[in-house]
Participant: 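Quick one: the structure is below, and I'll ask about it shortly.
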Amino acid sequence: QKSEPTKTPVFKEIPVKEGRVPSWYSEKIDERHTNSEYKTRTIFDYVKQFKEISVRIKDVKDEYYDKKSNTLYLNLKQDKQFGEKTGTGFYHEFGHAADAALGGNQYLSNDEQFLAVLKADYKDILKRYSTPEAAEQFLKDLDQPVSYSVSDLVEGLSKGKIRGGYGHLEGDSKYWDDKYAVCNEAFAHFFEASMGDKERLEKLKESFPNSYNYYLKMISPFVVSESPDSFRERERARGYER
């Protein structure tokens, strides 16, 4: 389901506190917003308007979301190479911000059941590619830019035993030690792909179908309507009003 073209450019509502956003980048962000999935877009629009998230454009080694300052740190060169799709870094890091905003004092995705579903989908992947030929093909596929999200999650769920073209261990050997790290990353990957990257979303749904459905279930209570008051009522009801 496509939305109408966004009336206000995304970066008109998100303050850029350092650096500048070039027009080619801003236009791509708006295009992805237009082509996004309804539920995730609704969450994006709510968090963008009411959670005071800001952006700093810097030459950082790895893009990241800083929860304390509610800031996305972006490197636009890296963002463009990130899975070879402009805006991947922005929407991925915004996914972490949305996860934190909806969860109140902790991330919404710090969820035991979500972790169990991710592990079950991973077991199904191992069964599906259990022959040497299938396993070899799967590993080749993990090197493709379209599979970068799947590659990261498989690395996390295998505790680094299966490494594809993209993962977190290269930058931080203890990244997956945190119990819910893979849940937080899965949430951000589902969020990012839902924001206008249909090919990557299909890859994720193919490998993690039940996890994606659980992600939708997690965010659905907040997708009441596009009215800000509906979101506030839902947050109050869940005790997340801050």
Participant: Would you name the heavy atoms of Asn75 and Asp59 that are closest together and state the gap between them?
Facilitator: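 Answer, listing the atom of Asn75 first, then Asp59: ND2-OD1, 3.2 Å.
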Participant: Return the minimal non-hydrogen interatomic distance between Val10 and Phe90, and the atom names on each side.
Facilitator: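 Looking at all heavy atoms of both residues, the closest pair is CG1-CZ, 4.0 Å.
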Participant: So for atom NZ, which belongs to Lys12, do other residues, nucleotides or ligands contribute more than 12 heavy atoms lying within a distance under 6.0 Å?
Facilitator: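 Incorrect, the count does not exceed 12.
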Participant: Passes side-chain hydrogen bond (donor to acceptor under 3.5 Å, both in side chains), Lys203 versus Ser149? Steps please.
Facilitator: CA-CA 8 Å; Lys203 272 285 179 202; Ser149 301; over 6 Å; no
Participant: Report yes if the side chains of Lys205 and Leu201 come closer than 4.5 Å at any heavy-atom pair, otherwise no.
Facilitator: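 The answer is yes, as the side chains (C-beta and beyond) meet within the 4.5 Å cut-off.
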Participant: Below 4.0 angstrom, N of the basic side chain to O of the carboxylate: do Arg32 and Glu192 qualify?
Facilitator: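 A salt bridge links Arg32 with Glu192.
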Participant: Under a 3.5 Å threshold, yes or no: a donor from one side chain and an acceptor from the other, between Tyr175 and Glu185?
Facilitator: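 Judged by distance alone, the side chains do pair up.
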Participant: Quick check against the 3.5 Å criterion: does Lys198 have a side-chain atom that pairs as donor or acceptor with the backbone of Asn35?
Facilitator: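 Between the backbone of Asn35 and the side chain of Lys198 there is a qualifying donor-acceptor contact (under 3.5 Å).
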Participant: Indicate yes or no: at least one non-hydrogen side-chain atom of Val55 is less than 4.5 angstrom from one of Phe11.
Facilitator: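 Yes, their side chains come closer than 4.5 Å.
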Participant: Salt-bridged, Glu112 to Lys179, with N to O below 4.0 Å?
Facilitator: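 Lys179 and Glu112: salt-bridged.
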Participant: Grouping I, L, V, M, F, W and Y whenever their side-chain heavy atoms are under 4.5 Å apart, do Tyr64 and Ile57 come out in a common cluster?
Facilitator: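 No.
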Participant: Please report whether the ring centroid of Phe191 lies less than 6.0 Å from that of Tyr91.
Facilitator: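 No, they do not, as the ring centres are separated by 6.0 Å or more.
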Participant: Say you draw a straight line from CD1 of Ile53 to CG of Asn70; how long is it, rounded to the nearest 0.5 Å?
Facilitator: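 Here the rounded value is 5.0 Å.
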Participant: With a 3.5 Å distance limit and no angle check, can you tell me whether Ser26 reaches the backbone of Ser23 through a side-chain donor-acceptor pair?
Facilitator: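 Not a single qualifying donor-acceptor pair exists.
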Participant: About how many Å separate CZ of Phe190 and OG of Ser109, when rounded to the nearest 0.5 Å?
Facilitator: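 That separation rounds to 11.0 Å.
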Participant: Do Leu115 and Lys119 have side-chain heavy atoms sitting under 4.5 Å apart?
Facilitator: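 The answer is yes, as the side chains (C-beta and beyond) meet within the 4.5 Å cut-off.
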Participant: Would you compute the distance between atom CG of Leu126 and atom CD1 of Ile162 and round it to the nearest 0.5 angstrom?
Facilitator: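 Spacing of CG (Leu126) from CD1 (Ile162) equals 5.5 Å.
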Participant: Please give me the minimum heavy-atom distance between Ser220 and Leu216, naming the atom from each residue.
Facilitator: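 For Ser220 versus Leu216, the nearest heavy atoms are OG-O, 2.5 Å.
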Participant: Testing the basics here: between Thr40 and Ile219, what is the closest heavy-atom pair and its distance to 0.1 Å?
Facilitator: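 That closest heavy-atom pairing would be OG1-CD1, 3.9 Å.
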Participant: Quick check on Glu13: does its CD atom have over 12 non-hydrogen neighbours (other residues, nucleotides or ligands) under 6.0 Å away?
Facilitator: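 More than 12 heavy atoms, drawn from other residues, nucleotides or ligands, come within 6.0 Å of this atom.
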Participant: How far does CE of Met218 sit from OH of Tyr214, to the nearest 0.5 angstrom?
Facilitator: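 Nearest 0.5 Å value for the CE-OH distance: 6.5 Å.
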Participant: Kindly indicate whether the side chain of Tyr212, heavy atoms from C-beta on, has any atom under 4.5 Å from the side chain of Leu204.
Facilitator: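 Sidechains of Leu204 and Tyr212: no contact.
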Participant: Does a side chain donor of either His168 or Asp62 reach within less than 3.5 Å of an acceptor in the other side chain?
Facilitator: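 There is no such pair (donor and acceptor under 3.5 Å, judged by atom type) between the side chains of His168 and Asp62.
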Participant: Within 45 degrees of the ring normal and closer than 6.0 Å to the centroid, is that where the cationic atom of Lys67 sits relative to Tyr107?
Facilitator: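 Lys67 over Tyr107 ring: yes.
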Participant: Listed by chain and number, what are the side chain to side chain contact (heavy atoms under 4.5 Å, CB included) partners of Lys68, not counting sequence neighbours?
Facilitator: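 For Lys68, the residues satisfying side chain to side chain contact (heavy atoms under 4.5 Å, CB included) (neighbours in sequence not counted) are Asp66.
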Participant: With a 4.5 Å heavy-atom cut-off, do Val16 and Ser54 have their side chains touching?
Facilitator: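 When only atoms from C-beta onward are counted, Ser54 and Val16 do not touch, as no gap falls below 4.5 Å.
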Participant: What is the minimum heavy-atom distance between Phe114 and Ala186, and which atoms define it?
Facilitator: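 Between these two residues, the closest heavy atoms are CZ-CB, 3.8 Å.
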Participant: Rounded at 0.5 Å granularity, tell me how far CG in Leu153 sits from OG in Ser147.
Facilitator: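 So the gap between those two atoms works out to 11.5 Å.
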Participant: Leu72, Val60: one ILVMFWY side-chain cluster at the under-4.5 Å cut-off?
Facilitator: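 Leu72 does not cluster with Val60.
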Participant: Students often mix this up, so state it plainly: with edges at 30° and 60°, are the rings of Tyr148 and Tyr166 parallel, tilted or perpendicular?
Facilitator: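 Answer is perpendicular, since the angle exceeds 60°.
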Participant: Quick check: is Leu118 connected to Tyr129 through a chain of hydrophobic side chains (ILVMFWY, heavy atoms under 4.5 Å apart)?
Facilitator: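 Hydrophobic grouping puts Tyr129 with Leu118.
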Participant: Can Lys161 and Glu155 be counted as an ion pair, charged N to O under 4.0 angstrom?
Facilitator: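 Not counted as a salt bridge, because no side-chain N and carboxylate O are separated by less than 4.0 Å.
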Participant: Please walk me through it: do Tyr122 and Ser158 pass side-chain contact (heavy atoms from CB on, under 4.5 Å)?
Facilitator: CA-CA 8 Å; Tyr122 171 64; Ser158 70; 3.1 Å; yes
Participant: Okay, side chain of Arg56, backbone of Tyr73: is any donor-acceptor separation there less than 3.5 Å?
Facilitator: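 Judged by distance alone, no pair lies under 3.5 Å.
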Participant: Does a side-chain heavy-atom distance below 4.5 Å link Thr42 with Tyr38?
Facilitator: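 Yes, side chains in contact.
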Participant: Scan Asp152, Asn184, Thr88 and name whichever one has a side chain to side chain donor-acceptor pair (under 3.5 Å) with His189.
Facilitator: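 Output: one option passes, namely Asp152.
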Participant: Quick one: CE on Met195 to NE2 on His92, what's the gap to the nearest 0.5 Å?
Facilitator: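 The NE2 atom of His92 is 14.5 Å from CE of Met195, to the nearest 0.5 Å.
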Participant: Should we count CD of Glu206 as having more than 12 external heavy atoms under 6.0 Å?
Facilitator: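 Yes.
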Participant: Going through the checks in order, is the side-chain contact (heavy atoms from CB on, under 4.5 Å) test met by Tyr46 and Leu102?
Facilitator: CA-CA 10 Å; Tyr46 162 61; Leu102 301 185; 4.3 Å; yes
Participant: Knowing that exactly one of Tyr65, Tyr180, Phe208, Tyr215 qualifies, which makes a ring pair (Phe, Tyr, Trp, His ring centres under 6.0 Å) with Phe187?
Facilitator: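 Among Tyr65, Tyr180, Phe208, Tyr215, the one meeting ring pair (Phe, Tyr, Trp, His ring centres under 6.0 Å) with Phe187 is Tyr215.
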Participant: Do you know which two heavy atoms are closest between Phe94 and Lys48, and how far apart they sit?
Facilitator: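 Heavy atoms only, the tightest pair is CZ-N, 3.7 Å.
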Participant: State whether the side chain of Asn210 and the backbone N or O of Asp121 hold a donor-acceptor pair below 3.5 Å, judged by distance alone.
Facilitator: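 Absent.
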